[in-house]
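Quick note: numbers below take in every heavy atom, side chains included, and nothing from hydrogens, waters or symmetry partners.
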Amino acid sequence: MDTKLTLKLNQEIIEKAKVYAAQKKVSLSRIIENYLNSLTNDTKNEDSIEISPFVKSIKTGNSIPADLDYKKEYAEHLLNKHK
């Protein structure tokens, strides 16, 4: 059930938030609702590390194999790069 909430915020912040919401094609109400939900989520572990929005934004969904030899991969990358 949705309920109306009135907030008093700095006008400049509101304008920036509206631009951000338009760029993301989501309502400002939805952004605030999601933020408040993340703050009040009871399942959040107090010892867990919070992941920044930037890190979340670069998430690809690809997993790294457990047996990956990153030193070998990087060496091969450098060899190919400087050919």
Side-chain angles (χ1 to χ4, degrees):
M1 177 174 108
D2 290 346
T3 303
K4 186 174 182 176
L5 172 67
T6 303
L7 301 171
K8 288 186 180 184
L9 303 171
N10 179 291
Q11 184 65 35
E12 187 176 325
I13 293 172
I14 294 170
E15 295 305 319
K16 287 179 183 179
K18 285 181 179 180
V19 169
Y20 176 84
Q23 290 171 344
K24 299 294 182 182
K25 296 184 173 123
V26 65
S27 71
L28 190 52
S29 292
R30 181 68 61 202
I31 291 172
I32 293 170
E33 179 180 7
N34 288 341
Y35 176 69
L36 293 175
N37 186 44
S38 71
L39 288 177
T40 59
N41 190 351
D42 291 338
T43 62
K44 185 176 179 181
N45 184 351
E46 292 296 322
D47 297 329
S48 68
I49 298 171
E50 185 172 332
I51 300 172
S52 74
F54 172 74
V55 172
K56 288 179 183 176
S57 74
I58 61 174
K59 180 175 72 169
T60 64
N62 297 334
S63 60
I64 300 173
D67 60 346
L68 177 71
D69 184 352
Y70 69 91
K71 290 181 181 179
K72 178 184 171 195
E73 294 290 328
Y74 185 63
E76 288 177 10
H77 163 74
L78 290 177
L79 286 174
N80 291 330
K81 178 180 175 182
H82 296 291
K83 278 187 176 178

Quick one: [atom1] on [X] to [atom2] on [Y], what's the gap to the nearest 0.5 Å?
X	Y	atom1	atom2	result
His77	His82	NE2	NE2	7.0 Å
Tyr74	Leu79	OH	CG	11.0 Å
Lys16	Lys18	NZ	NZ	14.5 Å
Ser29	Lys4	OG	NZ	10.0 Å

>> Determine whether a donor-acceptor pair (N or O, by modelled atom type, separation under 3.5 Å) exists between the side chain of Asn37 and the backbone of Glu33.
In response: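 Pair absent, no side-chain N/O of Asn37 close to backbone of Glu33.
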
>> Restricting to non-hydrogen atoms, name the atom on Ala21 and the atom on Ser27 that form the minimum distance, rounded to 0.1 Å.
In response: CB-C, 4.2 Å

> Do you know the tightest heavy-atom contact between Ile14 and Leu9?
Replying inline: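 Closest pair (atom of Ile14, atom of Leu9, distance): CD1-O, 3.7 Å.
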
> Considering residues at least two apart in sequence or located in another chain, which fulfil the side-chain hydrogen bond (donor to acceptor under 3.5 Å, both in side chains) criterion with Glu15?
Replying inline: Gln11

> Are Leu36 and Leu28 connected in a single hydrophobic cluster, I mean Ile/Leu/Val/Met/Phe/Trp/Tyr linked by side-chain heavy atoms less than 4.5 Å apart?
Replying inline: yes

